[in-house]
Amino acid sequence: MQFKSLASVMLAIAVSASAIPVVHAQDYDRRDDRRDERHDDRHNDRRDAMAHEDHREHERGFGPEHGFHRGDRLPPEYWSHHYVVDNWREHRLSPPPRGYQWVQNGADYALVAIGTGVIMQLIFGN
């Protein structure tokens, strides 16, 4: 009887002792994987931003230097009545959403947020 009890206790200790390192090793591996994924995401974000900047250099923009792109903020001088298109129908433009206005420079048009000057859309003429 004592042999069975001793064997049961020894078996229980062996099973529990072998399970502890396995659980910790699995958790550690998962943490390393998440750390690697976060590093890869940051690296990919930086690479995407750099590619976007490279693409912008070759992409036509709005304004006299063609340097303003979607998401950029137009300088306040473009917010003046001289550039703002009030008769958007005559220019065959869609009605601007509430809080936006069309701005014209040459044959190009930009849909710009009135409060911030951020470009939402660009339409290029010939």
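The basis for the numbers below is simple: all heavy atoms, side chains too, and nothing from hydrogens, waters or symmetry mates.
- The cluster map of Ile, Leu, Val, Met, Phe, Trp and Tyr, joined by side-chain heavy atoms under 4.5 Å apart, puts F68 and I114 in different clusters.
- In terms of heavy atoms, A110 sits closest to L122 at CB-CD2, 3.6 Å.
- For E65, the CD atom is loosely surrounded, since the number of other residues' heavy atoms within 6.0 Å does not exceed 12.
- To the nearest 0.5 Å, atoms NE2 (H91) and CG (D86) are separated by 9.0 Å.
- In this structure, W88 shares a hydrophobic cluster with V85, L93, Y100, W102, Y109, L111, M120, I123, the cluster being traced through Ile, Leu, Val, Met, Phe, Trp and Tyr side chains under 4.5 angstrom apart.
- Counting heavy atoms from C-beta outward, F62 and L74 have side chains that approach closer than 4.5 Å.
- When all heavy atoms are compared, the tightest approach of I119 to H69 is CD1-O, 3.6 Å.
- G125 and R60 get closest at one heavy-atom pair: O-NH1, 3.4 Å.
- When the side-chain hydrogen bond (donor to acceptor under 3.5 Å, both in side chains) test is applied to E90, the partners found at least two apart in sequence or on another chain are N87.
- Here the closest non-hydrogen pair linking Y78 and V84 is O-CG2, 4.4 Å.
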